[in-house]
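The next block holds one structure in the form of structure tokens; read it before the comments.
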2 protein chains.
Amino acid sequence: MKMSSGVEWALHSCVTLSQSHEPVPAARLAELHGTPPAYTAKHLQALSRAGIVRSTMGQVGGYTLTRPASEISALEVVQAIDGDEPAYRCAEIRQRGPLGIPAERCSRPCAIARAMAAAQDAWSHALARTSIADLAADIDADSDGTAMLDVRNWLTATRN
Amino acid sequence: MKMSSGVEWALHSCVTLSQSHEPVPAARLAELHGTPPAYTAKHLQALSRAGIVRSTMGQVGGYTLTRPASEISALEVVQAIDGDEPAYRCAEIRQRGPLGIPAERCSRPCAIARAMAAAQDAWSHALARTSIADLAADIDADSDGTAMLDVRNWLTATRN
DNA sequence: TGAACTCGGATAGAAAATATCCGAGACAAG
DNA sequence: CTTGTCTCGGATATTTTCTATCCGAGTTCA
């Protein structure tokens, strides 16, 4: 059970975008985070398809958040990058083999699948409760309130 | 974030083993569950290395649980197959790029990593609360109390 | 009108998971 | 005590997924 490394880049990118009302190009985000430019752009496309960010083309284009950062949950970002299907997929083992149960008596999911789904729900709810704004505030607090200011300054300084 | 399919086989195998005090060969478990024999055996080796099952060699050998099923959590089985490292691994993006934070000021984990770790903890605790005995009881209840009896009968009937 | 800069999907390479086979060791029977 | 058969265990191919990259389509500003 391994999560795509792009999830980390996407979360950091969303936190950065929350500090700018103007479009930020993918290459700029990649430079700030020290990540591969082309691959970073690919993940931002996934965020765009999920409706989390909006892309603007042209010379002054780039990416912007579609909603206030307080209304974007970490769960949305993770699912946009890593997919929204659950980690555990029941292959219906109970229906196979010499003691296979007929499909007609399998209206409810398997008990094992139910336990795994409950765990996934607990995981999802924990991430749904955390917003991008919460993450930005926590990062700011870790840096004595200078981190987000530095990001804003860097974004305006490098904007031609 | 995808979980190995072997997790499902391992959980079903542990539930089956909880119904037998005598060793059950890997081939027998694979037949009962309708899974590839060789690959099923490989996953049982992982359970053996984790100390969840004990292997007995020889003609009447096979696998047995090392502890009562009520003292084996689903989390242990999942971690034995899928690994115990967390799904999210922080690459320390905050230390990279033009605004990189020096490592000396990064004693605490990144705020994003903390949020992901909290979600993983919620997931782990949900699975830690569920034992193999609980799963067996739930499966039994779904089948009107005949499923585990059928398993016990099949195990003794096919035991030469 | 033109030029430069942006995103977007299609394309190679690397890593991991899946599935399998054969040898080492152990118990039971003769 | 020897033999034979059955067991597990690690080492080996194949497929799938993830990682990383490049070039074309479209848009905005000068």
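A quick note: this is a predicted structure, and the numbers were derived from the prediction, not measured.
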message: Nearest whole Å is fine: how far is D:dT7 P from B:Tyr63 OH?
response: 11 Å
task: Return the value, rounded to whole Å, for the distance between atom CE of B:Met57 and atom C1' of D:dG10.
output: 11 Å
- prompt: Under 4.0 Å: is that the gap between some side-chain N or O of B:Ser48 and OP1 or OP2 of D:dG9?
  reply: yes
task: Please state how far atom CE in B:Met3 lies from atom C1' in D:dT17, giving the value in whole angstrom units.
output: 17 Å
message: For A:Gly62 and A:Lys42, find the nucleotide of DNA chain C closest to each by heavy atoms; which residue's nucleotide sits nearer the 5' end?
response: A:Gly62
query: Going by distance alone, is a donor N or O of one side chain under 3.5 Å from an acceptor N or O of the other, for A:Ser124 and A:Asp121?
result: no
- request: Scan A:Ala27 against the nucleic acid and name what it touches under 4.0 Å (heavy atoms): base, sugar-phosphate only, or nothing.
  value: nothing
field: Qualifying residue for side-chain contact (heavy atoms from CB on, under 4.5 Å) with A:Val77, from A:Val15, A:Val7, A:Ile52
entry: A:Ile52
task: Report the distance from atom OH of A:Tyr39 to atom P of C:dA14, rounded to the nearest whole Å.
output: 15 Å
field: Phosphate OP1/OP2 of D:dT27 contacted by A:Thr56 side-chain N/O (<4.0 Å)
entry: no
query: B:Gln59 has a side chain; which of D:dT28, C:dT20, D:dG4 sits nearest to it?
result: D:dG4
A:Met116 side chain near A:Gln120 side chain, heavy-atom distance below 4.5 Å: no
task: Provide, to the nearest angstrom, the distance between the CD atom belonging to B:Glu8 and the P atom belonging to C:dT18.
output: 12 Å
- prompt: D:dT19 P sits how many Å from B:Lys2 NZ, rounded?
  reply: 12 Å
message: Rounded to whole Å, how long is the line connecting atom CH2 of B:Trp9 with atom C1' of C:dT20?
response: 12 Å
task: Show your reasoning for whether side-chain hydrogen bond (donor to acceptor under 3.5 Å, both in side chains) applies to B:His33 and B:Thr16.
output: CA-CA 10 Å; B:His33 297 142; B:Thr16 298; 3.1 Å; yes
field: C:dA17 OP1/OP2 closer than 4.0 Å to side-chain N/O of B:Ser5
entry: no
field: Distance below 4.0 Å between A:Gln45 side-chain N/O and C:dG9 OP1 or OP2
entry: yes
message: So B:Pro98 and A:Trp154, do their side chains get closer than 4.5 Å, heavy atoms only?
response: yes
Distance in angstrom units between A:His43 NE2 and D:dT21 P, rounded: 11 Å
side-chain N/O B:Ser55 vs D:dG9 OP1/OP2, d < 4.0 Å: yes
